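Protein chains get the first letters and strands the later ones, always in sequence-line order, with residue 1 at the start of each. Since the model is a prediction, treat every value here as computed from it, not as a measurement.
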There are 2 protein chains.
Amino acid sequence: MSVSYTDDPEGAVPEAGAAPSRRELNKQATRSAIAESAMKLVRSKGPGNFTADEVAADAGVSRRTFFNYFPSPESALAVHIEDFLDKVLPHFHARPAGEPLVESMLQALTALADPANLERTAELFELAEENPQMQRFQLEAWTHAERKVVAAIEERLDGEADALYVASLVGSVFASARAALSEWLQRTGGDLGPASLESLRQLLIDALGYLRNGFSS
Amino acid sequence: MSVSYTDDPEGAVPEAGAAPSRRELNKQATRSAIAESAMKLVRSKGPGNFTADEVAADAGVSRRTFFNYFPSPESALAVHIEDFLDKVLPHFHARPAGEPLVESMLQALTALADPANLERTAELFELAEENPQMQRFQLEAWTHAERKVVAAIEERLDGEADALYVASLVGSVFASARAALSEWLQRTGGDLGPASLESLRQLLIDALGYLRNGFSS
DNA sequence: TGCAAACTTGCACTTAGTGTAACTCGTATG
DNA sequence: CATACGAGTTACACTAAGTGCAAGTTTGCA
């Protein structure tokens, strides 16, 4: 049994460019079936009002299999956030190496502000307000993403990175991104139309602008 | 039964300046007895290797009473972080109203960098690295503190506050404070001597300096 | 003193989470 | 194609988290 949710360097993303085996496809199918069932149930029953049993049943797997993929019902939801935030990395890597870090991160983040990506994330972000469990797991997802970005920056700067500077920057960027997302949800209620999305991008630009130019100005 | 861990505006801090009743004293005593037992057990058995039963037994209360005070074994540890972070508020309120926000927050945070306050916090901060559960609850504690500071700022600015600016600032400040704490632990191993504490203060000054002046400089 | 409210406790119950062993299915090899 | 091996699934059993309820016990107050 090599199925595992925990940080397995070659578990969720096995050989990025290779032909996925049937086994791999099955595993991914099961994983997303569970994650989808979790979304479905949180919508119909509300956060904290569904059990691992129900998710497993809905996804057509045994309770034990559910726990082979996710350590808790909440994490089956948080995986949607993880997946969303994981998309930041390719965008970040695509930025020119000479570009200022804040600019690269702004571009990488605004690139995610499209309907397909945002739908679930915004929904879960709102749901987290009313359920501590979900909030904890989502915060963890953001922290995971932070760590990956820190690693990417350290790679890009190749030893020249000041640890405090990088950790402070990335932590602040993600905190500001959360603030922008929260403010956007408050203002627009999560409307995914073009005008609304443009306002989200503007909020991100404003928030990261504070980081770039300083909060004292 | 009015004992509760959850956000009860007059539960943990009942009538700030009044003479504490005997009931109140008993409750606080029970609360800290449990919290102390949790610290004791995490030290001897390691994070994630002790149960609510054990904590309750060590504190001399029933298992049920444990859960009347804390929703989980981890939260009995996180309360130490909460208490630590709660001390920021008085310091913040003591700052002159005209002072720039970043400066007020820097002063409020550096005021906490003394041995008595830091001992448990630093210890738990380190422990969280190896245990996801603890990490989640600690992140939650930081987020709680953030919310309180945001509320304090909105009160100070009295309606003139830009929600995005404030949320972004406070989130960034706390993220940077965590970065400074993490870097300090890495460098000094949590030594509580005067020289070490001075270096922590300097890390905080540096990190919040980025926020004040911008990360682009 | 005596009553009411606050606090504690034991009990019973649901759910989370995990180890283990049997079972099933994909894959590589002859 | 047969078949053997390893990956993934499942049932079962068990420990621990977390909660409602209905007692008991202590504290505050008239």
Side-chain angles (χ1 to χ4, degrees), chain A residues 1-6 8 10-12 14-15 18-34 38 41 45 47-78 131-134 136-137, chain B residues 1-6 8 10-12 14-15 18-34 38 41 45 47-78 131-134 136-137:
Chain A
M1 179 191 303
S2 78
V3 173
S4 84
Y5 170 79
T6 51
D8 182 350
E10 60 92 41
E15 310 207 22
S21 69
R22 176 140 195 184
R23 268 209 184 118
E24 200 52 46
L25 289 174
N26 285 345
K27 227 159 55 170
Q28 290 309 320
T30 306
R31 183 182 186 73
S32 49
I34 295 175
L41 282 165
K45 305 197 146 198
N49 294 119
F50 62 97
T51 70
D53 269 308
E54 295 174 292
V55 180
D58 187 89
V61 297
S62 73
R63 172 187 144 82
R64 191 61 182 84
T65 294
F66 173 91
F67 282 111
N68 282 341
Y69 281 87
F70 299 100
S72 68
E74 290 77 24
S75 62
L77 289 171
N131 185 283
Q133 287 285 323
M134 284 199 54
R136 283 194 274 271
F137 278 86
Chain B
M1 181 192 302
S2 77
V3 173
S4 84
Y5 171 80
T6 50
D8 182 350
E10 61 91 39
E15 310 210 22
S21 68
R22 174 143 200 176
R23 241 181 210 147
E24 200 51 47
L25 289 175
N26 285 345
K27 227 160 53 168
Q28 289 309 320
T30 306
R31 183 183 187 74
S32 51
I34 296 175
L41 281 165
K45 304 198 147 200
N49 294 120
F50 61 97
T51 70
D53 269 308
E54 295 175 290
V55 179
D58 188 89
V61 297
S62 73
R63 172 187 142 82
R64 190 62 183 83
T65 295
F66 173 91
F67 282 110
N68 281 342
Y69 281 86
F70 299 100
S72 67
E74 290 77 23
S75 62
L77 290 171
N131 187 283
Q133 287 285 323
M134 284 197 55
R136 283 193 274 271
F137 278 85

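- Distance, Phe66(B) CZ to dG10(C) P: 16 Å, rounded to whole Å.
- Remark: Tyr69(A) is in phosphate contact with dT9(D), judged by side-chain N or O atoms under 4.0 Å from OP1 or OP2.
- Summarising the geometry, the separation between CZ on Phe67(B) and P on dA12(C) is reported as 18 Å, rounded to the nearest angstrom.
- With rounding to whole Å, Asn26(A) atom CG is found 11 Å from dA7(D) atom C1'.
- One finds a side-chain N or O of Ser62(B) lying less than 4.0 angstrom from the OP1 or OP2 phosphate oxygen of dT9(C).
- Checked by atom type, the side-chain pair Arg22(B)/Asn26(B) shows no donor-acceptor distance below 3.5 Å.
- Rounding to the nearest 0.5 Å gives a distance of 8.5 Å between CZ of Phe67(B) and OG of Ser75(B).
- Atom P of nucleotide dT19(D) and atom CG of Asp53(B) are separated by 15 Å, given to the nearest angstrom.
- No hydrogens or angles were tested; on distance alone, nothing pairs the side chain of Arg64(B) with the base of dG18(D) as donor and acceptor under 3.5 Å.
- Closest non-hydrogen pair, Ala76(B) versus Ile34(B), comes out as CB-CG2, 4.4 Å.
- Here Thr30(B) does not reach the OP1 or OP2 of dC7(C): none of its side-chain N or O atoms lies under 4.0 Å away.
- Residue contacts for Arg23(B): at a heavy-atom cut-off of 4.0 Å it reaches a base atom on one of the strands shown.
- Separating the NZ atom of Lys27(B) from the P atom of dT8(C) is a distance of 8 Å, rounded to the nearest angstrom.
- Listed candidates were dT8(C), dG18(D), dG26(C). Nearest to the side chain of Ser72(B) is dG18(D).
- Note on Thr51(B): only backbone sugar-phosphate atoms sit closer than 4.0 angstrom, heavy atoms only; bases stay farther off.
- Between Val61(A) and Phe66(A), the closest heavy-atom pair is CG2-N, 4.4 Å.
- Regarding Asn68(A), its CG atom lies at a distance of 14 Å from the C1' atom of dA16(C), rounded to whole Å.
- Distance Glu24(B) CD to dA5(C) P: 19 Å, rounded to the nearest Å.
- Backbone-only engagement by Arg22(B) is indicated by non-hydrogen atom pairs under 4.0 Å involving sugar-phosphate atoms exclusively.
- With hydrogens and angles ignored, a donor-acceptor pair under 3.5 angstrom links the side chain of Arg63(B) to the base of dG18(D).
- Proximity of Phe137(B) to Leu77(B): side-chain heavy atoms (C-beta onward) are nowhere separated by under 4.5 Å.
- The side-chain heavy atoms of Asp58(A) and Glu54(A), taken from C-beta on, include no pair separated by under 4.5 Å.
- In plain terms, the two heavy atoms of Pro73(B) and Phe50(B) that are nearest each other are CB-CE1, 4.1 Å.
- In this structure, the CD1 atom of Ile34(B) is 13 Å from the P atom of dC7(C), given to the nearest Å.
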Provide a list of protein-nucleic acid N or O atom pairs under 3.5 angstrom, restricted to nucleotides 2-4 of chain D.
none

